[in-house]
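For reference, the structure discussed in these notes is given below.
Just so you know, ligand 1 is whichever comes first in the structure, and atom 1 is the first atom listed for that ligand.
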Amino acid sequence: MPDDNDVGGRTATAPATGDVFGHAGTEGFEQVVFCSHPPSGLRAIIAIHSTALGPALGGTRFHPYRSEAEAVTDVCRLARGMTYKHAVSGLDCGGGKAVILGDPATLRSEALVRAYGRFVDGLAGRYLTAEDVGTTQADMDLIRRETPHVTGVSESLGGSGDPSPATAWGLLHAMRTVAEQVWGSASLEGRHVVVSGVGKVGRVLCDHLAEAGARLTVADVVPAAAKAAAAAVGAQIVEPDEAAQVECDIFAPCALGAVLSERTVPKLRCAAVCGSANNQLATPADGRRLAEMGVLYAPDYVVNAGGVINIAEERSGTGYDHDRAWARIAAIAGNLRRVLDVAARDGIPPADAADRVAEERIASMASVRRIRTSNRETGH
Ligand code: NAD
């Protein structure tokens, strides 16, 4: 295993300047690591929120943050979200995330990506990285040359490849649970679904929905993307700003976060919201607002977990198996059912119920982990 000096860099759990220990975002974190490699310009932060359920899994975001404080806030928010996503999905993974500060278009280089890989390796498997906004599968393949603690590498390297089709597959199954809950049947035949954002996930989702007999409306800020999706599945096109206001059965936000806000929720004309975008609720109050309006909200991190379930399958011990992974992703239908049942039982919005299910699993597994199982642990 390389040490920091191999890359001429340094890691630190304390900040060069500022008050990181007092930074609100880092509260409750197991470890927040700052990585710097001046020769390549690498500045990265790896946040390990929890390893209570297993190694902290989460992607690496490459983004030109306006400040280091903004980057710390973002990486911690994202890492905490991964803890909940993995817990509710029944995975043996904790929550982590990393950010590389800078513009990937100008800063990316082999040296930078591999230097980052060495820092990941230095965490000895406590953190497993993956692709995220701004990083690519080619980056993961480069990182693989420095550490085994990377997921989502190319299929030719034994990985599971692009997670987006898996995410879309999981969403389809989540929508069946939504249909069962709202209309008493898991069939999506004849249901009108508005897919806002037809990128890597949204586009594949449209194919699945068309095959399931749903009627589709699509929107995308890139007109060519909307046109291509519409032509492929016979969908109508609406302007991105109007997508959330179309009268429909299911609104599927598959682009940006914070689409459900004080401003947009009152304008919704759908029976349910179920999409891939992360952090769809602008604030927790918006989850309550949706419930009050009688709109069923399928919590984002429950229904968009197909990608991480697929990635986790790479570490099954027997190698990645597509059919087994797809079967596990389909179980998202049951994960969402459990969350909706807790919401009904406890009289709380689904978003709060998802948090409750996740926290209960983390607490119960923490007690299992306290059982001593080896001579090493007992000191004999
Ligand atoms: P993507 O970048 O491939 O697709 C996003 C699409 O949304 C693009 O076509 C873009 O032009 C469009 N878009 C951007 N702003 C828009 C707007 N205001 N209105 C309508 N369309 C808009 O990304 P993706 O991989 O398909 O991911 C979509 C969302 O799902 C993201 O929020 C992502 O974080 C989340 N997510 C993705 C995965 C995955 O496996 N890819 C897993 C979990 C969550």
Between the side chains of Arg126 and Gln31, is a donor N or O closer than 3.5 angstrom to an acceptor N or O? yes
Is there a salt bridge (Lys or Arg N to Asp or Glu O under 4.0 Å) between Asp249 and Arg215? Walk through the geometry before answering. CA-CA 10 Å; Asp249 294 312; Arg215 182 161 72 86; over 6 Å; no
For Asp352, is there an ion pair with Arg356 - N to carboxylate O distance below 4.0 angstrom? no
Taking Asp341 first and then Arg338, would you say they form a salt bridge - that is, a charged N and a carboxylate O separated by under 4.0 Å? no
List the atom pairs, with distances to 0.1 Å, where a side-chain N or O of residues 162-170 and a protein N or O form a donor-acceptor pair under 3.5 Å, not counting sequence neighbours.
| unit_1 | atom_1 | unit_2 | atom_2 | d |
| --- | --- | --- | --- | --- |
| Asp162 | OD1 | Ser164 | N | 2.9 |
| Asp162 | OD1 | Ser164 | OG | 2.8 |
| Thr167 | OG1 | Pro163 | O | 3.2 |
| Thr167 | OG1 | Gly307 | N | 3.2 |
| Trp169 | NE1 | Trp326 | O | 3.2 |

Just by modelled atom types, is the Glu247 backbone N or O under 3.5 Å from a matching donor or acceptor in the His192 side chain? yes
Residue shell around ligand 1, heavy atom under 4.0 angstrom: Pro163, Ser164, Thr167, Ser196, Gly197, Val198, Gly199, Lys200, Val201, Asp220, Val221, Val222, Pro240, Cys254, Ala255, Leu256, Ser276, Ala277, Asn278, Asn304
